[in-house]
Every structure is written in structure tokens, then in C-alpha cells.
Amino acid sequence: MPELPEVETTRRGIAPYVEGREIVEVIVRQRSLRVPVPSDLESLLIGGQFGELARRAKYLLLPLGDRTLLWHLGMSGSLRIARVGDTPKKHDHVDVVLEGSNILRYHDPRRFGFVDWLQGSADLDTRLSRLGPEPLSPNFDGQRLYRLSRGRRAAVKTFIMDNTVVVGVGNIYATEALFMAGIDPRRAAGRVSLERFERLAETIKTVLAAAITQGGTTLRDFVSGTGEPGYFAQRLNVYGRAGEPCRHCGLQLRQIVLGQRASVYCAVCQT
DNA sequence: ATTTGACCCTGCATGC
DNA sequence: TGCATGCAGGGTCAAA
């Protein structure tokens, strides 16, 4: 489910209901997530209140006192606001009950997500310390892509999905950005020119910003913190459209596998 | 050092 | 209708 725009949509959706509200109860129904739910989660949360919610890559950071909770939604996770009395559904694994009867409720059928304490500062936690720049920050540009890609034989699509290069670019938006930039996803990263990487960095920023504006992409089950679906799916040009005509030239879009992920592209428009 | 593959888990679409 | 198979938005780790 969630790529960067969906995580950002979630952060914005839940923040007003969560920040500064006292935590009165924590209910964990399933401790076996990708990382086991910490045994001290309940005791450390109850009575505290979260500070300002932040996002780094696809991680949500929820500061609480001198600690920070790190929450990752994996492929099928969602965090949304429920009310006390709303019956938990299957795969509603964690409830953080807040003063005022709102609940921060975590749902994750595949359990690839996790909630864990950040180990020390973000600089010390190896889950965060090796991450590349945020795609929407000025630190990320075509120069960086060009510099890091020299000599790399991996496909350019795989390259831009590498978290040490740039974070938050998952399969949907990598596919879309490459289409918008007119670059063949199979092309070796080391054989993409600076000029084309400048264009690609721009299309990555454009597509992510547009998706955030639309509240993310709902393919099957993504909902924002307040329960609404995202509307970016209607804007997708290539992802999920294999066999359908290219919106630009009309040729049938092709699907291949790169780095074990489905990749759709137009053989005419992307070279 | 880069790159590939397996793996974590459930649900859904597809085809027989 | 039932069953088997393959595939899915992510990330980590070991091995090649």
C-alpha cells in the first residue's frame, strides 16, 4: 500500500487527533508484526502524549517524551482514527486510545509493518541513518542521481528505488516518474545522461507532490488517517495499465519484471 | 561493492 | 463451488 505520499497523507490526517492528547489506554491484539511489538509499549505510552508527528522516508515518527516511536506501514498497513466503541475488525492489531475517546488504530493484514522504539537519535538508528535524501527536498536532484549512478549496471528503475539513493520512491511512483521523464525503466542507470537525470528528478518530485495533493493512491485498501481513499489512482498513466493503450502515443503498454517488481512502460515513449 | 534472491504474511484474482 | 497458483504498494539479509 503505502509509498511516501500515502504515509504523508496519513501523518497529516492523524496529527490533529493525536498530537498533545494524553494516551489513556493501549491495546495490542497481535504482537507478531514484522518486528515484535515491544513488550514495554503499553507501559511507556500510557499517561504520555505525542509531540509533533514527523515523517522520514516511509517511516512515521511519533515523539513521546525523550523517546520516539517509529511506525512503518509495510505493504498493507494503515493508521486511522477510530472512536471508542468502534468494533475492531480483523487485522486491527494495535489501538492507542486517546483522551476524548479517539483511537489511533493500526490495521495491517500482511503484518509487514511494525511499531518500535527508535534506538537513540535518528542518526544512530541504522534503520534511518543510511537513508538517502527526501525526494521533495533540495538535497535531491539530478546531479545526485547522475553522480551515484556512474558505473552502475542496475536498471534505472531499480536504482531510483534504492533507499540509499533517494527515499520514498516505491513501485508505483518509480513507474510513473520514468514514464513522465520518457526513460526506459530497463536502461542501465550508469548509461543515463545528466540531462535525463535532471528531468527524472523533476518528474519524481512532480508525481510525489501531486499524489500528496490527491491524498495518495488507493489501489485496494489504502485510506487516510481520517478514512478517506486517495484519488491519485485516476491519474496513473502506466502503473497497473499493462496491455492498455499509452495515453500519449496509443501503443499497448508492456509489462516486465525488474528487481522482482512489475514494471509497466511504453516502448515508444520511453527510451 | 553491487546485485540477486529468499523471506516475512494475508487476501484477492485467475484459471482449471 | 473448490482448489491451486501467482501476484501485490516494502524492506532486510545473506549469498553470489
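Values below: every heavy atom of this structure, side chains too, minus hydrogens, waters and symmetry copies. We name chains A, B, ... by the order of the sequence lines, and we start the count at 1 in each one.
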- In whole angstrom, what separates A:F112's CZ from B:dC9's C1'? 5 Å
- Rounded to whole Å, CZ of A:R152 lies from C1' of B:dT3 at a distance of 9 Å
- What does A:F159 touch in the nucleic acid at a heavy-atom separation under 4.0 angstrom: a base, only the sugar-phosphate, or nothing? nothing
- When all nucleic acid strands are considered with a 4.0 Å heavy-atom cut-off, which category describes A:R261: base, sugar-phosphate, or nothing? base
- Task: Could you tell me the separation between the NZ atom of A:K90 and the C1' atom of B:dG11, rounded to a whole number of Å?
- Result: 9 Å
- How many Å lie between CE on A:M75 and C1' on B:dG11, as a whole number? 12 Å
- A:N171 and side chain to side chain donor-acceptor pair (under 3.5 Å): which partner among A:K157, A:E3, A:E176? A:K157
- Just how far, in rounded Å, is P of C:dG9 from CZ of A:R110? 8 Å
- Message: How many whole angstroms separate atom CE of A:M161 from atom P of C:dT12?
- Response: 13 Å
- Task: Would you mind telling me which of C:dG11, C:dA8, B:dG11 lies closest to the side-chain atoms of A:K58?
- Result: C:dG11
- Message: If the cut-off is 4.0 Å, is A:H72 near the phosphate of C:dG11, judged by side-chain N/O to OP1 or OP2?
- Response: yes
- Message: With a cut-off of less than 4.0 Å, is there a side-chain N or O of A:H91 near OP1 or OP2 of B:dG11?
- Response: yes
- Paired nucleotide for C:dG6 [Watson-Crick or G-U wobble; both distances under 3.5 Å]: B:dC12
- Does NZ or CZ of A:R56 fall inside the cone over A:Y59's six-membered ring, less than 6.0 Å from its centre and within 45° of the axis? no
- With a 4.0 Å cut-off, would you call A:D86 and A:R105 a salt bridge? no
- Test log, rule side-chain hydrogen bond (donor to acceptor under 3.5 Å, both in side chains), inputs A:D123 and A:S129: CA-CA 5 Å; A:D123 288 341; A:S129 62; over 6 Å; no
- Query: P atom, C:dC7 versus B:dG5: distance in rounded Å?
  - Reply: 14 Å
- Got a donor-acceptor pair under 3.5 Å from the side chain of A:R111 to the base of B:dC9? no
- Please determine, for B:dT4, whether a Watson-Crick or G-U wobble partner exists with both distances under 3.5 Å, and give it or none. C:dA14
- Rounded interatomic separation in angstrom, taking CD from A:Q260 and P from C:dG11: 15 Å
- Task: Taking only Lys NZ, Arg NE, NH1 and NH2, and the carboxylate oxygens of Asp or Glu, determine whether A:E134 and A:R55 approach each other closer than 4.0 Å.
- Result: yes
- Message: Taking atom types as they are modelled, would you say the side chain of A:R34 forms a donor-acceptor pair with the base of C:dG11 within the 3.5 Å cutoff?
- Response: yes
- Item | Inter-nucleotide P distance (B:dA6, C:dG6), Å rounded | 13 Å
- Measure from OH on A:Y173 to P on C:dG9 and round the result to the nearest Å. 12 Å
